> 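Okay, handing you the structure first.
Because the structure is a prediction, the values reported are computed rather than measured. Excluded from the calculations below are hydrogen atoms, water molecules and symmetry mates; all remaining heavy atoms, backbone and side chain alike, are included.
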Amino acid sequence: MNDSSEGTQVMQFHTTVKALLSLLPCLLFLCVNLVMLYALLKTPLLLESSRYVLFGHLLFTDSLQLVLALLMYFFAVTMVTMISYVCVIITMLASITLRMSPLNLAVMSLERYIAICFPLRHADIATTRRTGIAIAVMWTVGSFDSFTQLVLFVSLENTSIPMQRFCSRHSVFRLQIYSTLYKAFTIVHFVLVSIIIIYTYIAIMITAKSASSKVHHASKAHKTVLLHLIQLCLCLASSLFSTINSSNQLNSPPAIAVHAQYALFVGLIIFPKCLSPLIYGLRDNTFRHVFKNCFTFGCRTTLKPFPKGGF
């Protein structure tokens with residue numbers, strides 16, 4: 001009895017420590033993201049630029065994904081069971097926001113591509129209206145596979161039966177057709193995004209070598225697109241990890257599944273989402289000034305017309 005009680009206490013202690021290690025960085029970077037969003041909304045001049053609108057959208061979707069991932073992690077830790085359709089809604093939102101990041105990176109790369117390779121047409125092409133349309137298209141493309149799986153789930157499953165395990169995509173979408181659809185959409189999704197980012201990177205790099213008068217700005221833009229590609233690889237690693245280990249998690253004890261989800265959560269969800277404010281916010285001279293002012297509760301920044309430098 002003493003050994004079992006001590007073992008239970010050790011497991012509870014480990015669970016508490018892991019929960020704190022997950023919660024604290026999430027809260028920290030959620031705070032940073034919210035301050036950045038507030039800085040954008042309080043600075044109308046920034047919202048006139050498509051690159052800052054896309055950056056704000058990236059902050060919003062990354063913050064939403066962090067909240068949903070943290071919620072699902074605590075469901076796993078506490079072994080909360082729920083009605084299937086509630087879990088379906090949560091996992092759908094988490095899946096959609098996960099797909100938003102690479103799509104947003106692709107559109108941001110296209111915006112930088114237009115700014116460097118077609119500078120005279122950039123103001124006409126990258127308008128706020130067209131940026132809003134691009135965001136709407138991103139949400140449509142990113143949610144297509146989730147709504148397809150939802151239609152199949154409503155048609156094939158009994159949504160009123162409580163789940164036997166904690167809420168996760170693999171515990172609610174158990175049929176083989178869901179896994180096949182997820183893999184197919186993931187492959188097509190990342191191939192298209194990879195082609196866009198690699199093409200824009202090569203085009204900007206060629207422009208940087210040929211246009212000597214804009215070497216500095218083109219060089220900074222192609223470095224940003226390269227960082228987009230690196231973050232895309234992190235997103236791809238997250239999706240592939242989930243795909244490869246889906247069958248193992250279904251056959252694993254709950255405790256092992258929780259450890260696997262913890263490693264995925266910390267290494268492949270929190271870490272990439274923490275890169276966004278560092279890459280796109282603090283590297284930009286204009287926004288860094290606004291962010292520092294808001295973070296120190298100044299919020300009285302007066303901006304000059306847009307500098308030529310950017311992301």
Side-chain angles (χ1 to χ4, degrees), residues 36-37 39-40 43 45-62 99-138 141-142 189-236 272-273 275-291 303 305-311:
M36 287 189 171
L37 281 173
L40 283 172
T43 313
L45 184 59
L46 293 181
L47 296 179
E48 295 176 3
S49 172
S50 58
R51 71 171 181 261
Y52 291 110
V53 173
L54 291 171
F55 174 56
H57 180 255
L58 182 69
L59 286 174
F60 171 74
T61 54
D62 283 356
R99 294 196 185 279
M100 281 297 104
S101 292
L103 287 172
N104 210 115
L105 294 175
V107 176
M108 291 176 76
S109 298
L110 286 173
E111 189 276 332
R112 289 292 82 200
Y113 164 75
I114 296 171
I116 299 300
C117 299
F118 305 97
L120 298 180
R121 300 181 58 190
H122 179 260
D124 296 328
I125 297 175
T127 61
T128 53
R129 180 177 178 274
R130 289 182 177 177
T131 304
I133 294 175
I135 291 174
V137 171
M138 278 190 279
V141 174
H189 178 82
F190 277 98
V191 167
L192 292 177
V193 171
S194 300
I195 291 174
I196 292 174
I197 294 180
I198 292 173
Y199 172 78
T200 55
Y201 174 76
I202 295 174
I204 291 173
M205 188 168 56
I206 293 173
T207 303
K209 292 181 179 180
S210 60
S212 58
S213 61
K214 298 181 179 180
V215 169
H216 173 72
H217 306 307
S219 177
K220 190 171 183 179
H222 99 259
K223 288 179 181 178
T224 300
V225 175
L226 179 60
L227 292 173
H228 290 177
L229 185 60
I230 294 173
Q231 192 170 11
L232 175 67
C233 293
L234 292 174
C235 295
L236 178 60
K273 300 311 165 189
L275 292 179
S276 296
L278 298 177
I279 292 175
Y280 311 115
L282 302 183
R283 289 181 71 246
D284 183 81
N285 295 328
T286 302
F287 187 77
R288 183 168 63 244
H289 177 58
V290 178
F291 172 71
L303 290 179
F306 272 123
K308 294 181 179 180
F311 294 131

> Do Met138 and Leu54 pass the side-chain contact (heavy atoms from CB on, under 4.5 Å) test, and can you show the C-alpha distance, the side-chain angles, and the key distance before you say yes or no?
CA-CA 11 Å; Met138 278 190 279; Leu54 291 171; 4.1 Å; yes
> Yes or no on side-chain contact (heavy atoms from CB on, under 4.5 Å) for Arg51 and Met108, after CA distance, side-chain angles and deciding distance?
CA-CA 7 Å; Arg51 71 171 181 261; Met108 291 176 76; over 6 Å; no
> Are the side chain of Thr200 and the backbone N or O of Ile197 linked by a donor-acceptor pair below 3.5 Å?
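Yes, Thr200 side chain to Ile197 backbone: donor-acceptor pair under 3.5 Å.
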> Any luck finding a side-chain donor-acceptor pair between Thr61 and Asn104 under 3.5 Å?
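Looking only at side-chain atoms, Asn104 and Thr61 do not form any donor-acceptor pair under 3.5 Å.
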> When rounded to the nearest 0.5 angstrom, what is the spacing between NE2 in His57 and CG in Leu37?
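His57 NE2 to Leu37 CG: 11.0 Å, rounded to 0.5 Å.
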> Quick check for you: to the nearest 0.5 Å, what is the distance between Ser109 atom OG and Ile196 atom CD1?
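Between atom OG of Ser109 and atom CD1 of Ile196 there are 8.5 Å.
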> Please report the interatomic distance CD1(Ile114) to CD1(Ile204), rounded to the nearest 0.5 Å.
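The distance works out to 10.0 Å.
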> Using side-chain contact (heavy atoms from CB on, under 4.5 Å), reason through Val53 and Leu46 one step at a time and then give a plain yes or no.
CA-CA 8 Å; Val53 173; Leu46 293 181; over 6 Å; no
> Which pair of non-hydrogen atoms, one from Ala126 and one from Glu111, has the smallest distance, and what is that distance?
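Nearest pair, atom of Ala126 first, then Glu111: CB-CG, 4.5 Å.
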> First locate atom OH of Tyr52, then atom CG of Leu40, and finally report the distance between them rounded to the nearest 0.5 Å.
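One gets 9.0 Å once the value is rounded to the nearest 0.5 Å.
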> If the condition is side chain to side chain contact (heavy atoms under 4.5 Å, CB included), which residues does Ile133 pass it with, not counting sequence neighbours?
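Partners of Ile133 by the side chain to side chain contact (heavy atoms under 4.5 Å, CB included) criterion, ordered by chain and then number, come out as Arg129, Val137.
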> Closest heavy-atom contact between Val193 and Ala106?
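In terms of heavy atoms, the two residues are closest at CG1-CB, 3.9 Å.
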> Roughly how far, to the nearest 0.5 Å, is the CG atom of Leu105 from the CE atom of Met100?
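Nearest 0.5 Å value for the CE-CG distance: 11.5 Å.
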> Can the ring centres of Tyr201 and Tyr113 be said to be less than 6.0 Å apart?
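Between Tyr113 and Tyr201, which both carry aromatic rings, the centre distance is not below 6.0 Å.
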> Residues two or more places apart in sequence or in another chain: which of them pass side chain to side chain contact (heavy atoms under 4.5 Å, CB included) with Ile202?
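Once residues adjacent in sequence are excluded, the partners of Ile202 under the side chain to side chain contact (heavy atoms under 4.5 Å, CB included) criterion are Ile198, Ile206.
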> Let me see the working for Thr127 and Ser50 under side-chain contact (heavy atoms from CB on, under 4.5 Å), right down to the final yes or no.
CA-CA 6 Å; Thr127 61; Ser50 58; over 6 Å; no
> Specify the closest pair of heavy atoms between Ile116 and Pro119, including all atoms of both residues, with the distance to one decimal.
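Heavy-atom minimum between the residues: O-CD, 3.6 Å.
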> Which residues pass the side chain to side chain contact (heavy atoms under 4.5 Å, CB included) test with Ala134, not counting sequence neighbours?
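Checked Ala134 against side chain to side chain contact (heavy atoms under 4.5 Å, CB included); matches are Val107.
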> Measuring from atom CG of Leu103 to atom CD1 of Ile135, what distance do you get when rounded to the nearest 0.5 angstrom?
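The CD1 atom of Ile135 is 12.0 Å from CG of Leu103, to the nearest 0.5 Å.
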